[in-house]
Amino acid sequence: MALLVQKYGGTSVGNPERIQNVARRVLATQREGNSVVVVVSAMSGVTDGLIKLAKEVSSAPTDREMDVLLSTGEQTTIALTAMAINSMGGKAVSLTGAQAGIITSGVHTKAKISNIAPRQIRKFLDEGNVCIVAGFQGQTDEGQITTLGRGGSDLTAIAIASALKADMCEIYTDVDGVYTCDPRVVPDARKIDVIAYDELLEMASSGSKVMQSRSVEFAKKFKVPFEVRSSFNNNRGTIVKEESIGLENVVVRGISLERKQAKVTITHVPDKPGTASRIFTALAKANVIIDVIVQNVSVSGTTDISFTMSSDELEKVGPVIDRISKEVEAGEVLKKGGIAKLSVVGIGMRSHSGVAATLFECLGNGGVNIQMISTSEIKIAVILDESQIDQAAKLAHAAFGLAEGK
Ligand code: ADP
Ligand code: ASP
Ligand code: MG
């Protein structure tokens with residue numbers, strides 16, 4: 001008998017009929033002789049709705065209260081899913097994150113899982129139940145409710161699969177798997193059959209929100225293979241696993257897009273040791289996540305430093321940037337929203353050349369201007385005007401022959 005962890009995302013449990021669809025799928029899996037743990041998200045739109053409500057009663061709700069509020073979204077779904085299974089003649093029990101034994105750090109709204117003690121899950125499974133666990137939430141050692149960051153139900157599923165040493169972890173969503181690019185943007189994007197952890201990690205952390213990036217990081221660290229597939233059909237999905245030799249033959253696996261970015265340029269920064277450190281320490285203390293950083297060659301003792309972040313972050317830290325620029329005696333600060341990032345990802349890049357040339361050529365021929373470039377061993381990313389990101393995605397997708405699976 002196999003032990004399976006199945007995670008159903010917001011769209012898959014988006015209304016009563018879909019919850020009943022999930023209940024039927026889960027029961028069918030159990031009837032095939034498997035033990036099943038199900039992790040569910042809040043119904044689609046519920047988490048966003050709760051955030052909106054919070055803003056209507058307070059301009060600055062505390063992170064602790066946000067966690068208490070947001071955790072109710074998943075709590076609704078676990079009860080409804082368990083009820084649906086029970087009404088179909090199955091045996092299901094719902095468990096909150098705390099009841100499922102998910103212990104986290106105390107950083108509200110982006111807690112890290114520190115331990116899982118799945119005692120109750122094991123007990124209920126042994127009694128023949130399906131366990132329905134609330135995704136995205138846990139509790140601290142002191143019993144405070146925490147959440148794991150947006151998209152965190154993916155992390156709950158992977159972490160439970162790891163703690164239970166499950167035979168398989170299946171992430172059910174509203175697309176057939178991980179595609180070569182977001183299928184909503186590039187209609188001829190193709191489903192990827194197998195992808196390495198590192199590739200999906202780069203894609204997820206550069207805008208492909210099909211999986212939460214922290215969940216892929218966790219899966220890689222604890223070697224949890226998983227499959228991303230659709231809850232609306234029985235097609236095989238995308239297997240995510242450790243790198244193997246065959247996987248290196250493909251140079252570009254996929255393209256990811258990140259919108260709503262902003263660029264800051266600090267001009268005439270004194271070119272002396274410690275200046276960049278002072279600027280970026282101030283930003284780190286303000287908890288800003290900085291993405292691409294470019295520093296120009298120094299001309300007559302000063303240099304320009306540009307960096308990107310999400311536009312939401314810029315709204316919050318604009319004053320911090322102005323203050324630190326004055327302190328280091330830099331020149332003007334230029335802030336620009338409306339930019340986006342396109343990243344081309346593939347582990348085959350380590351052993352193949354020419355990827356940058358192909359990317360720059362196709363964008364140039366299409367009249368897309370590149371504002372910044374950054375690279376890693378398996379990724380080339382370019383910063384563009386946001387209005388050109390969809391066009392750029394289609395150009396790059398075609399240039400690398402991704403629709404044909406070259
Ligand atoms: P869930 O609610 O099931 O967690 P998400 O909305 O978080 O689902 O993720 C699925 C969505 O991710 C898809 O509907 C798709 O639009 C988007 N997406 C972005 N990039 C990709 C990609 N490369 N492959 C597949 N889906 C992608
Ligand atoms: N409900 C949470 C969110 O919308 C977590 C999740 O769906 O994975 O981000
Ligand atoms: Mg998701």
Side-chain angles (χ1 to χ4, degrees), residues 6-15 18 21-22 38-52 66-67 69-78 97 102 109-111 133-138 146-159 170-193 195 199-216 226-232 235 237-238 240 252-259 341-346 389-390 393 396-397 402-403:
Q6 299 187 330
K7 179 253 169 177
Y8 292 91
T11 319
S12 304
V13 291
N15 59 40
R18 288 186 176 171
N21 172 50
V22 166
V38 177
V39 173
V40 287
S41 287
M43 295 164 78
S44 57
V46 165
T47 307
D48 288 338
L50 291 170
I51 293 173
K52 195 160 158 271
M66 283 309 289
D67 277 354
L69 179 69
L70 297 193
S71 62
T72 63
E74 271 67 14
Q75 200 164 324
T76 305
T77 326
I78 52 170
I102 297 175
T109 77
K110 32 183 162 323
V133 178
F136 175 56
Q137 56 175 264
T146 50
T147 62
L148 308 174
R150 295 306 303 266
S153 300
D154 294 332
L155 178 59
T156 306
I158 301 277
E170 297 168 333
I171 306 288
Y172 285 95
T173 183
D174 56 4
V175 277
D176 276 8
V178 179
Y179 278 67
T180 46
C181 192
D182 188 342
R184 292 184 208 191
V185 178
V186 178
D188 63 356
R190 193 177 42 83
K191 188 187 78 195
I192 299 167
D193 292 331
I195 188 168
E199 291 172 321
L200 185 56
L201 188 53
E202 282 281 12
M203 285 179 72
S205 53
S206 57
S208 297
K209 296 278 186 277
V210 59
M211 284 293 290
Q212 189 211 32
S213 59
R214 280 176 54 197
S215 70
V216 186
F226 62 97
E227 181 174 357
V228 181
R229 51 186 299 193
S230 170
S231 67
F232 300 112
N235 299 344
T238 302
V240 188
V252 172
R253 183 82 55 203
I255 294 171
S256 41
L257 314 172
E258 195 152 28
R259 295 164 204 273
K341 186 172 74 166
L342 177 147
S343 308
V344 172
V345 175
I389 190 77
D390 288 2
H397 199 265
L402 293 177

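Numbers for residues simply follow the sequence, beginning at 1. Counting convention: from 1, in listed order, for ligands and their atoms alike.
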Is it the side chain (CB and beyond), the backbone, both or neither of Glu74 that lies under 4.0 Å from ligand 2, heavy atoms counted?
side chain
Write out the residue and atom name of the closest protein heavy atom to atom 7 (O) of ligand 2, then the distance separating them to 0.1 Å.
Ser41 OG, 3.0 Å
How far is atom 3 (C) of ligand 2 from the closest protein heavy atom, and which atom is that?
Arg150 NE, 3.3 Å
Flag the pair Ile171 / Glu227 as yes when at least one side-chain heavy-atom distance between them is below 4.5 Å, and no otherwise.
no
Sub-3.5 Å donor-acceptor pair from the side chain of [X] to the main-chain atoms of [Y], do we have one?
X      : Y      : answer
Thr77  : Ser41  : yes
Gln137 : Ser71  : yes
Asp154 : Gln212 : yes
Thr156 : Phe136 : yes

Quick check: Gly151 and ligand 2, any N/O pair under 3.5 Å apart?
yes
Might you work through the salt bridge (Lys or Arg N to Asp or Glu O under 4.0 Å) test for Asp174 and Arg184, ending with a clear yes or no?
CA-CA 12 Å; Asp174 56 4; Arg184 292 184 208 191; 3.6 Å; yes
With Phe226 via ring-ring contact (aromatic ring centres under 6.0 Å, His included) - residues at least two apart
none
In ligand 2, the atoms that come under 4.0 Å of a heavy atom of Phe136 are 2 (C), 5 (C)
Does the pair Arg229 and Glu170 meet the rule for a salt bridge (Lys or Arg N to Asp or Glu O under 4.0 Å), with working shown?
CA-CA 7 Å; Arg229 51 186 299 193; Glu170 297 168 333; 3.7 Å; yes
Nearest 0.5 Å please: distance from the NZ atom of Lys341 over to the CZ atom of Arg259.
14.0 Å
Enumerate the pairs of nitrogen or oxygen atoms, one from ligand 1 and one from the protein, separated by less than 3.5 angstrom; state names and distance to 0.1 Å.
residue	atom	partner	partner atom	Å
ligand 1	2 (O)	Gly10	N	3.1
ligand 1	3 (O)	Thr173	OG1	2.7
ligand 1	4 (O)	Lys7	NZ	3.1
ligand 1	7 (O)	Lys209	O	3.4
ligand 1	8 (O)	Thr173	OG1	3.1
ligand 1	14 (O)	Asp174	OD1	2.8
ligand 1	14 (O)	Asp174	OD2	3.4
ligand 1	14 (O)	Arg184	NH2	2.6
ligand 1	16 (O)	Asp182	OD1	3.1
ligand 1	16 (O)	Arg184	NE	2.7
ligand 1	16 (O)	Arg184	NH2	3.4
ligand 1	23 (N)	Tyr179	O	3.0
ligand 1	24 (N)	Tyr179	N	2.8

Run the contact test for Gly152 against ligand 2 with a 4.0 Å cut-off on heavy atoms, strictly below, and give the result.
yes
